[in-house]
Visitor: 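Questions regarding the structure given below will be posed in turn.
Naming: A, B, ... by sequence-line order, numbering from 1 per chain.
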Number of protein chains: 2
Amino acid sequence: MTQSERNALRAWLDLLTASNAIKKSIDTALRTQFGVSISRFDVLSALDRAGPEGLRAGDLSQRLMVTEGNTTQVTAPLIRDGLVKRISSREDGRVAIFRLTRKGEKLFEKMADEHRSWVSDAFTGLSQNELAMLRRLLGKLKLPLDKEKRNAA
Amino acid sequence: MTQSERNALRAWLDLLTASNAIKKSIDTALRTQFGVSISRFDVLSALDRAGPEGLRAGDLSQRLMVTEGNTTQVTAPLIRDGLVKRISSREDGRVAIFRLTRKGEKLFEKMADEHRSWVSDAFTGLSQNELAMLRRLLGKLKLPLDKEKRNAA
DNA sequence: TGAAATAATTTTAGGATTAAAATATCCAGT
DNA sequence: ACTGGATATTTTAATCCTAAAATTATTTCA
């Protein structure tokens, strides 16, 4: 094992550990304060950004980088809880469109505030320059292009 | 939302995306070439490092940063496949000790080689200096100390 | 010594995720 | 209009993970 390989392994371990730890703390905080997991929060966030038009199931899945089956399942409890509405497209009967309800918007607004502050807190140790540097370095990683989704419009 | 908060959110998204993408590509490669998930690989790796003494279930869980219930479940198929052996401690009947079988050692050796090269590959875009810088920046993140495990020996 | 407290692990129930099979709808060409 | 193929989504079965309850074994101390 070369020194370079050893360093890559260490960096990978650090990266994974940091990411897991922050994710877990955000998930725990979201569940405690709002009863919503980070997965559900991500759905609400994507739908909030999409606005009143909502998003097709496929587009939602693509933005969240999860399978469509996953989207079906994660949205289910959000619909049950009245935070998200599922509408069948009138133009194309196959298409499912999801959008936030008024209740979902209200809740998301509160969650987003807290979420922002938790993330800020995790990164307070880094100056603005260091933050930019971190992003630049992450951008240099060779990330596998997911599937052949690249073709999709 | 301040500029600083916005930057933290962006950095967090980049961090999570990079970590997910690399993890997924390693998991896929491990499954394809060896029929072993990344979780199981992690168990094999910890046991390999522990050597012939093996590891107690609790210690294994702690090193992998997962719950003990998870360890019980992830080791089960490894035992079924003859890669790991579970032994009851003779000194303390409550304690379960896991260690690699000869077959497990052999397989892990091959997997570790490939794994090392995949990780190296993901980080090839970064110089040794950049790698060190990345680790330094990750070290500045405020990571939530997991539970009150800190007390444990 | 033996009951209660403690400790290590497993079991259970449920959420998140994926891949693959199933379903439902639309579209094209005849 | 009908059939075959493509497309969008849902369902199903499995893995991974957690928290909490249950189990099993040890230790303590009256």
Visitor: Can you check the Arg31(A) CZ to dG14(C) P distance for me, whole Å?
Guide: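 Atom CZ in Arg31(A) sits about 14 Å away from atom P in dG14(C).
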
Visitor: Rounded to the Å, how far apart are Asn20(A) CG and dT17(C) P?
Guide: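 To the nearest whole Å, that distance equals 13 Å.
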
Visitor: Give Ser37(B) one of three labels, base, sugar-phosphate or nothing, depending on what nucleic acid heavy atoms sit under 4.0 Å from its own.
Guide: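 The residue Ser37(B) makes sugar-phosphate contact but no base contact.
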
Visitor: In whole angstrom, give the distance that lies between atom NZ of Lys23(B) and atom P of dC16(D).
Guide: 10 Å

Visitor: What is the distance, to the nearest angstrom, from the CZ atom on Arg40(B) to the P atom on dT15(D)?
Guide: 7 Å

Visitor: For Phe34(B) and Phe41(B), I'd like to know if the aromatic rings sit close, meaning centre-to-centre distance below 6.0 Å.
Guide: no

Visitor: Can you measure Arg90(A) atom CZ to dA24(C) atom P for me and round it to whole angstrom units?
Guide: 21 Å

Visitor: Do Glu105(A) and Arg102(A) meet the salt-bridge criterion of a basic N to acidic O distance under 4.0 Å?
Guide: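 Looking at Arg102(A) and Glu105(A), the cut-off is met.
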
Visitor: Distance-only check: which donor-acceptor pairs under 3.5 Å involve side-chain atoms of residues 12-22 of chain A, not counting sequence neighbours?
Guide:
from     : atom 1 : to        : atom 2 : distance (Å)
Asp14(A) : OD2    : Arg135(B) : NE     : 2.7
Asp14(A) : OD2    : Arg135(B) : NH2    : 3.3
Thr17(A) : OG1    : Leu13(A)  : O      : 2.7
Ser19(A) : OG     : Ser19(B)  : OG     : 3.2
Asn20(A) : ND2    : Leu16(A)  : O      : 3.4

Visitor: Please give, in whole Å, the distance from dA24(C) P to Arg86(A) CZ?
Guide: 13 Å

Visitor: Side-chain donor or acceptor of Glu91(B) under 3.5 Å from a matching atom on the base of dT26(D)?
Guide: no

Visitor: dC17(D) P sits how many Å from Glu68(B) CD, rounded?
Guide: 15 Å

Visitor: Would you mind reading off the distance between Leu64(A) atom CG and dT18(C) atom C1', rounded to a whole angstrom?
Guide: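 In whole Å, dT18(C) C1' and Leu64(A) CG are 15 Å from each other.
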
